[in-house]
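Let me begin by presenting the structure, written as structure tokens, before commenting on it.
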There are 2 protein chains.
Amino acid sequence: MKNRLEEIRKARGIKQEEMAEALQVSRQTISSLENGRYNPSIILAFKIARYFGLSIEEIFIYEGEGK
Amino acid sequence: MKNRLEEIRKARGIKQEEMAEALQVSRQTISSLENGRYNPSIILAFKIARYFGLSIEEIFIYEGEGK
DNA sequence: CCTCAACGTCAAGGTTGCTTTACATCACAA
DNA sequence: TTGTGATGTAAAGCAACCTTGACGTTGAGG
């Protein structure tokens, strides 16, 4: 799974820490997601989508194979 | 998180077991999702969406509060 | 140079998603 | 009744997600 988190966040001039606070997760979680260390839970994916005003599919890209 | 899994699956005349096999998960996982025992991983949510030809948002409903 | 903000990352621990195995229920057909 | 297909559910174990706490790196400004 790829995602456009860093791209979208930076385009809006938001810091990881602000975003983390708004989503009620730790800054490390945002960093981990941006750097592909793991995938978000579906709950967090929904929160992120809502936060950016986008759909999950616009942010997270599932290619089919792999993780 | 609520979902329309059972509704959609039954509307298409599919068995839990067929669906599980197609998605490469266990039958218990499908049952657990339908009965709200836990939420799917985002990977599984994508697989389900693709399987039904729907978006994640059309299948899984995130109300905001709760789990 | 020094410092501070922003970010990367590691370790240890708790919770959740998913597995296998097993058993129970319920409706329907023979 | 007997049995079989479809489903619910429980326990135990492993992997993934997320936390707190800590420390390292990098770049911009003074």
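The analysis underlying the following values was restricted to heavy atoms, covering all of them including side chains, and did not include hydrogens, waters or symmetry mates. Proteins come first, then strands; the chains are lettered A, B, ... in the order of their sequence lines, and each starts at number 1.
Among the atoms of the strands shown, only primed sugar atoms or phosphate atoms (P, OP1, OP2) are found under 4.0 Å from some heavy atom of A:Gln24.
Residue B:Glu34 contributes atom CD, which lies 16 Å from atom C1' of C:dG17 at whole-angstrom precision. Counting to the nearest Å, the P atom of D:dA6 and the CD1 atom of B:Ile14 are 14 Å from each other. Straight-line distance from the CG atom of B:Leu33 to the P atom of D:dT9: 13 Å, rounded to whole Å. Atom-to-atom, CG of B:Leu44 to P of D:dA15 comes out at 19 Å; the value is rounded to the nearest Å. C:dC4 atom C1' lies 12 Å from atom NZ of A:Lys15, rounded to whole Å. Separating the CG atom of A:Asn35 from the P atom of C:dA6 is a distance of 17 Å, rounded to the nearest angstrom. Rounded to whole Å, the distance from CD1 on A:Ile43 to P on D:dA16 is 20 Å. Put simply, OH on A:Tyr38 is 15 Å from C1' on C:dG17, counting in whole angstrom units.
Side-chain proximity of B:Thr29 to C:dC18, D:dT7, C:dG8: nearest is C:dC18. Residue A:Ser41 places its side chain closer to D:dC17 than to any other of D:dC17, D:dT9, C:dC18. Of the candidates D:dT20, D:dG8, C:dC18, D:dG8 carries the atom nearest the B:Arg37 side chain, counting heavy atoms from C-beta on.
Judged by distance alone, with hydrogens and angles left aside, the side-chain atoms of A:Ser32 form a donor-acceptor pair with the main-chain N or O of A:Gln28 at under 3.5 Å. Between the B:Glu17 side chain and the B:Arg27 main chain, no donor and acceptor come within less than 3.5 Å of each other.
Residues A:Arg50 and A:Lys47 fail the side-chain proximity criterion, which asks for heavy atoms closer than 4.5 Å. Residues A:Asn39 and A:Phe60 fail the side-chain proximity criterion, which asks for heavy atoms closer than 4.5 Å.
For C:dT20, the OP1/OP2 oxygens have no side-chain nitrogen or oxygen of B:Ser26 closer than 4.0 Å. Proximity of A:Ser31 to the phosphate of C:dC7: no side-chain N or O atom is located under 4.0 Å from OP1 or OP2. Remark: A:Asn39 is in phosphate contact with D:dC17, judged by side-chain N or O atoms under 4.0 Å from OP1 or OP2. The side chain of A:Gln16 places an N or O atom within less than 4.0 Å of a non-bridging phosphate oxygen (OP1 or OP2) of C:dG8.
Nucleotides of DNA chain C nearest to B:Arg27 and B:Ser32 differ in position, and the one nearer the 5' end is that of B:Ser32.
Side-chain to base pairing of A:Gln28 with D:dG21: one donor and one acceptor N or O lie within less than 3.5 Å of each other.
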Practice item. I would like to know whether A:Ile14 and A:Tyr51 meet side chain to side chain contact (heavy atoms under 4.5 Å, CB included); could you show each step before the answer? Key: CA-CA 12 Å; A:Ile14 300 169; A:Tyr51 177 68; 3.5 Å; yes
